[in-house]
Novice: 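Got a structure for you, questions after.
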Amino acid sequence: MDESNRASSYLDEPPNSRLFLVTSKSITEEIIREHFADFGEIQDIWVVKDKQTKESKGVSFVKFAKSSQACTAMEEMHGKCLAEGTKPIKVFIAQSRSSGSHRDVEDEELTRIFVMIPKSFTEDDLKEKFKVYGNIEYAIIIRNKTTGESKGLGYVRFHKASQAAKAIENCDKTFRAILAEPRTKNASADNDYFTNLRSEHSGNDPGSNSYTFAHESSSYTAGETWSSDIITRCLMVSSRVAVTQEQICGLFDLIPGMDFCEMQRDQYGFSKGHVVVRYNNLGSAVYAKEKLNGFEYPPGNRLSVTYIDDGEDRTSPVGKMAMQLVAAQMMSMVWNGPTGAQLMKTSTGYTAPPTHQKTRVQTDVALPSLKKLVSSDSVVKERLFVIFNPSPLPVDVLEDVFCRFGSLMEVYLVPGRNVGYIKYADRKPAHEAIALLHGKVINGVKMKVMLADPPKEESHKRQRTY
DNA sequence: CGACGGGACGC
DNA sequence: CGACGGGACGC
């Protein structure tokens, strides 16, 4: 035995790599080794014996090199007989020696992992990443309840402890996968969109980008409101996952005055839904944009809503503020009136007048076609530093723009500043993005695009995506 | 001018 | 019911 083996057999390292066995007193270390050797590297077997009589107390510990080995052995060997005429054994993950507890470790504590993920991840993205380790019972993303924005954290529940252990051991380090602490109590998920919608529309949420439709003038001073060049009655709704026309129309028809709602076929062959919605008045469109841009529908899927230049209803920059204030006050009255039942009216069967294809990105730059984002477990090969003037573009718009050179990994905006970072898994797309986008204007926001300096060194932080 | 995030689940 | 030993790195 070399030094590392000896050292690790003294500690409960890695966590959950040691088994606690309850056996007949006749079961010896040799018998245990025979039956458990195939599950992995056994670092130690200890049969607990009476100090005086040297007789086994029917309790043993088996230390494996890895938690996944211990978990697999537990799953396979629990209830088996190791010798003729002996009782079936019980196998548990041993409590760590420092814990002092002798309570059985439940599967509940071993099958759910906690991960850090890109904010753009949906539940399906999460499942895709982790399904290679085993059957996933569910995957959920932690989101801001009001804005629907992902917090970049998620849970994945597997069916078996060995699957969770393998995921933790083998998944990309950037996920920072660890076992999740058990929930304090039983939680029941609330996936009522309308509940969320109502809270979205009534709450004052200082932490979100939602527009506060209050009476005071401070509500329209945020810069982001003005990042778009134009305000029109016509909106482009973009969804990262497939949605039906009926879903989007039902949602946007909650706001009065809808002219029509038409699903656009994505010209790039992606299944990102693009839906054009037009209202018969600017106020409704302003309200819909402010309230539904970033709204999570279905849960995990943030909708993007931008104005489309339909050739009419252009307003001067000077007029925007007044327009939005008027719209805000008008819509505030509308929304303070109806009851929940009235809000829940559904709409179907929209006739769709011909509308020319538009995108949510307004720019004179000739952008390449949309490309897929690469998975977060890729290695960052190049990173861009982007400065926005006067205010940052939304992350979804930035993804739309910066993905078009290929191998985009993540967009990160520095909170409270007009700068952000764009991570690519290849150098070439990053350099092409600089060449095409530096100094250009997107949705009225001028960007400086350059290579980022290397991040600050933090010796204790390792294996970040950057 | 303009620089580096982030770990917990509606009872 | 069924929970914690033995032995000792190497500047």
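Just so it is clear, the model here is predicted, and its values are computed rather than measured. The chains referred to below are lettered A, B, ... by the order of the sequence lines, with proteins before strands, and numbering in each begins at 1.
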Novice: Below 4.0 angstrom, N of the basic side chain to O of the carboxylate: do A/R18 and A/D12 qualify?
Specialist: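 Yes, A/R18 and A/D12 are salt-bridged.
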
Novice: Please answer whether B/dA8 and A/F114 are stacked, defined here as ring centres separated by less than 5.5 Å and planes angled under 30°.
Specialist: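 It does: the ring sits over the base of B/dA8.
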
Novice: Should the pair A/R157 and A/Y138 be classed as cation-pi, given the thresholds of under 6.0 Å to the six-membered ring centre and 45° from the axis?
Specialist: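 No, a cation-pi geometry is absent between A/R157 and A/Y138.
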
Novice: Nearest to the side chain of A/K90, heavy atoms from C-beta on, is which of C/dG5, C/dG2, C/dA3?
Specialist: C/dG2

Novice: Would a line drawn from the ring center of A/F64 to the ring center of A/F39 be shorter than 6.0 Å?
Specialist: no

Novice: Check every strand shown and say whether A/N389 touches a base, only sugar-phosphate, or nothing at a heavy-atom separation below 4.0 Å.
Specialist: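 No contact.
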
Novice: Ring stacking, A/W46 with base of C/dG5, under 5.5 Å and under 30°?
Specialist: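 A/W46 vs C/dG5: stacking yes.
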
Novice: Of the listed nucleotides (B/dG2, C/dG5, C/dG2), which one gets closest to any side-chain atom of A/R97?
Specialist: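 It is C/dG5.
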
Novice: So, under a plain 3.5 Å distance rule, would you say the side chain of A/R112 forms a donor-acceptor pair with the base of B/dC9?
Specialist: yes

Novice: Counting only side-chain heavy atoms from C-beta out, which of B/dC9, B/dA3, B/dG5 sits nearest to A/E181?
Specialist: B/dC9

Novice: Classify the side chain of A/R18 versus the base of C/dC4 as yes if they form a donor-acceptor pair under 3.5 Å and no if they do not.
Specialist: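 Answer is yes: a donor-acceptor pair is held.
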
Novice: Taking atom types as modelled, find out whether A/T122 and A/D124 have a side-chain donor-acceptor pair closer than 3.5 angstrom.
Specialist: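 No - no donor-acceptor pair under 3.5 Å links their side chains.
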
Novice: Please give, in whole Å, the distance from B/dC1 C1' to A/F388 CZ?
Specialist: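 To the nearest whole Å, that distance equals 16 Å.
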
Novice: Between C/dC4, B/dA8, B/dG5, which nucleotide gets closest to the side-chain atoms of A/K57?
Specialist: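 It is C/dC4.
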
Novice: NA contact type, A/I140, heavy-atom cut-off 4.0 Å: base, sugar-phosphate, or nothing?
Specialist: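 Touches nothing.
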
Novice: Within the 4.0 Å heavy-atom criterion, would you say A/L384 contacts the bases, only the backbone, or no part of the nucleic acid?
Specialist: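 Nothing, no nucleic acid heavy atom in range.
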
Novice: Tell me whether A/F61 is stacked on the nucleobase of C/dC4, counting only the six-membered base ring and applying the 5.5 Å and 30° thresholds.
Specialist: yes

Novice: More 5' along DNA chain B: A/V411 or A/I387, using each one's nearest nucleotide?
Specialist: A/I387

Novice: Measure CZ/A/R383 against P/B/dA3 and give the value in whole Å, please.
Specialist: 14 Å

Novice: If I take atom CD in residue A/E137 and atom P in nucleotide B/dC9, what distance separates them, rounded to the nearest angstrom?
Specialist: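 Computing the A/E137:CD to B/dC9:P distance gives 19 Å.
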
Novice: Round to the nearest Å and state the distance from A/I178 atom CD1 to B/dC9 atom C1'.
Specialist: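 Nearest whole value for this atom pair: 13 Å.
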
Novice: When the nearest nucleotide of DNA chain B is assigned to A/P182 and to A/I117 on a heavy-atom basis, which residue is associated with the more 5' position?
Specialist: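 Comparing both residues, the 5'-ward one is A/I117.
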
Novice: State whether the distance check finds a donor on one side and an acceptor on the other, under 3.5 Å, for side chain A/R143 versus base B/dC9.
Specialist: no

Novice: Any luck finding a side-chain donor-acceptor pair between A/K63 and A/S17 under 3.5 Å?
Specialist: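 The criterion, which ignores hydrogens and geometry beyond distance, is satisfied for A/S17 and A/K63.
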
Novice: Measure from the side-chain heavy atoms of A/D44 and tell me the nearest of C/dG5, B/dG5, B/dA8.
Specialist: C/dG5

Novice: From the options C/dC4, B/dG2, B/dG7, select the nucleotide whose nearest atom is closest to the side chain of A/M450.
Specialist: B/dG2

Novice: Whole angstroms only, please: what is the CD-P distance between A/Q43 and C/dG5?
Specialist: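 Taking CD of A/Q43 and P of C/dG5, I get 18 Å after rounding.
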
Novice: Select from A/T23 and A/V47 the residue whose nearest nucleotide in DNA chain C is closer to the 5' end of that strand.
Specialist: A/T23

Novice: Taking the side chain of A/M116 as heavy atoms from C-beta outward, which of B/dC4, B/dG6, B/dG5 is closest to it?
Specialist: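 The nucleotide sitting nearest to the side chain is B/dG6.
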
Novice: Mind calculating the distance between CD1 (A/I142) and P (B/dG5) to the nearest angstrom?
Specialist: 20 Å

Novice: For residues A/H102 and A/Q95, is any side-chain donor paired with an opposing acceptor at under 3.5 Å?
Specialist: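 Judged by distance alone, the side chains do not pair up.
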
Novice: Any side-chain N or O of A/K87 below 4.0 angstrom from OP1/OP2 of C/dG2?
Specialist: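 Answer is yes, contact under 4.0 Å.
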
Novice: Ignoring the backbone of A/Y155, work out which of B/dC4, B/dA8, C/dG2 is nearest its side chain.
Specialist: B/dA8

Novice: Under a 3.5 Å distance rule, please check whether A/R383 uses its side chain to pair with a backbone N or O of A/D453 as donor and acceptor.
Specialist: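 Yes: the side chain of A/R383 pairs with the backbone of A/D453.
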
Novice: Take the protein atom NZ of A/K145 and the nucleotide atom C1' of B/dA8, then report the distance between them rounded to whole Å.
Specialist: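 Atom NZ in A/K145 sits about 10 Å away from atom C1' in B/dA8.
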
Novice: Expressed as a whole number of angstroms, how long is the span from A/K448:NZ to B/dG2:C1'?
Specialist: 7 Å

Novice: As a test of reading the structure: which of C/dG5, B/dC9, C/dA3 is closest to the side chain of A/R183, going by heavy atoms?
Specialist: B/dC9

Novice: Supply the atom-to-atom distance A/F175 CZ to A/I117 CD1, rounded to the nearest 0.5 angstrom.
Specialist: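 If we round to the nearest 0.5 Å, A/F175:CZ and A/I117:CD1 are 8.0 Å apart.
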
Novice: Determine whether a donor-acceptor pair (one donor, one acceptor, N or O, separation below 3.5 Å) exists between the side chain of A/K423 and the base of B/dG5.
Specialist: yes

Novice: Report the nucleotide, chosen from B/dA3, B/dC9, B/dG7, that has the shortest atom-to-atom distance to any side-chain atom of A/R176.
Specialist: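 For the A/R176 side chain, the nearest candidate turns out to be B/dG7.
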
Novice: Apply the syn/anti split at 90° from 0 to B/dC9 and say which one it is.
Specialist: anti

Novice: Any donor-acceptor pair under 3.5 Å between the side chain of A/E410 and the base of B/dG5?
Specialist: yes

